[in-house]
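Accompanying notes for the structure given below.
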Amino acid sequence: MLILGRRPDQKIVIGDDIVVTVVECRKGHCRLGITAPDHVRVHRQEIYDAIRRSGAPPSEADARAEP
């Protein structure tokens with residue numbers, strides 16, 4: 001695991017087309033903005049786990065899991 005320190009408005013680039021931006025950090029809580037191509041699915045871990053448990057095809061589950 002790579003651990004990086006970032007401040008608000010700083011970014012992390014993954015590959016050529018995924019950018020993670022630190023939006024806000026306070027009281028042990030950080031908000032992140034993620035820019036990724038449409039074909040890359042981005043979920044919180046608990047949503048990803050629910051999709052995997054449902055057994056539904058990923059594209060179908062994506063539509064139901066997160067608006």
Side-chain angles (χ1 to χ4, degrees):
M1 175 187 300
L2 174 64
I3 299 174
L4 301 170
R6 299 277 69 199
R7 290 192 167 98
D9 296 321
Q10 291 183 326
K11 300 175 184 343
I12 297 168
V13 178
I14 302 171
D16 291 329
D17 51 5
I18 299 173
V19 178
V20 180
T21 304
V22 178
V23 175
E24 176 182 41
C25 289
R26 61 181 163 155
K27 298 183 182 179
H29 181 82
C30 289
R31 296 180 67 208
L32 304 174
I34 301 168
T35 304
D38 289 339
H39 70 276
V40 175
R41 302 290 182 219
V42 179
H43 299 287
R44 298 185 318 262
Q45 181 71 50
E46 62 273 19
I47 298 298
Y48 177 79
D49 292 342
I51 291 168
R52 299 281 298 199
R53 282 192 306 270
S54 76
S59 59
E60 185 179 316
D62 287 343
R64 291 191 318 247
E66 277 190 90

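Remember, it's a predicted structure, so these values are computed and weren't measured experimentally. Position 1 is the first residue of the sequence, and the numbers go up from there.
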Table please: side-chain donor-acceptor pairs of residues 18-30 below 3.5 Å, with sequence neighbours left out.
unit_1: Glu24; atom_1: OE2; unit_2: Arg26; atom_2: NE; d: 3.3

All N/O donor-acceptor pairs, side-chain side in residues 1-14, below 3.5 Å, sequence neighbours left out:
unit_1: Arg6; atom_1: NH1; unit_2: Lys11; atom_2: O; d: 3.4
unit_1: Gln10; atom_1: OE1; unit_2: Arg7; atom_2: N; d: 2.6

**Q.** Counterpart residues, side chain to side chain contact (heavy atoms under 4.5 Å, CB included), relative to Gln45 (two or more places apart)
**A.** Tyr48, Asp49
Q: Could you tell me the separation between the CG atom of Leu32 and the CZ atom of Arg44, rounded to the nearest 0.5 Å?
A: 12.5 Å
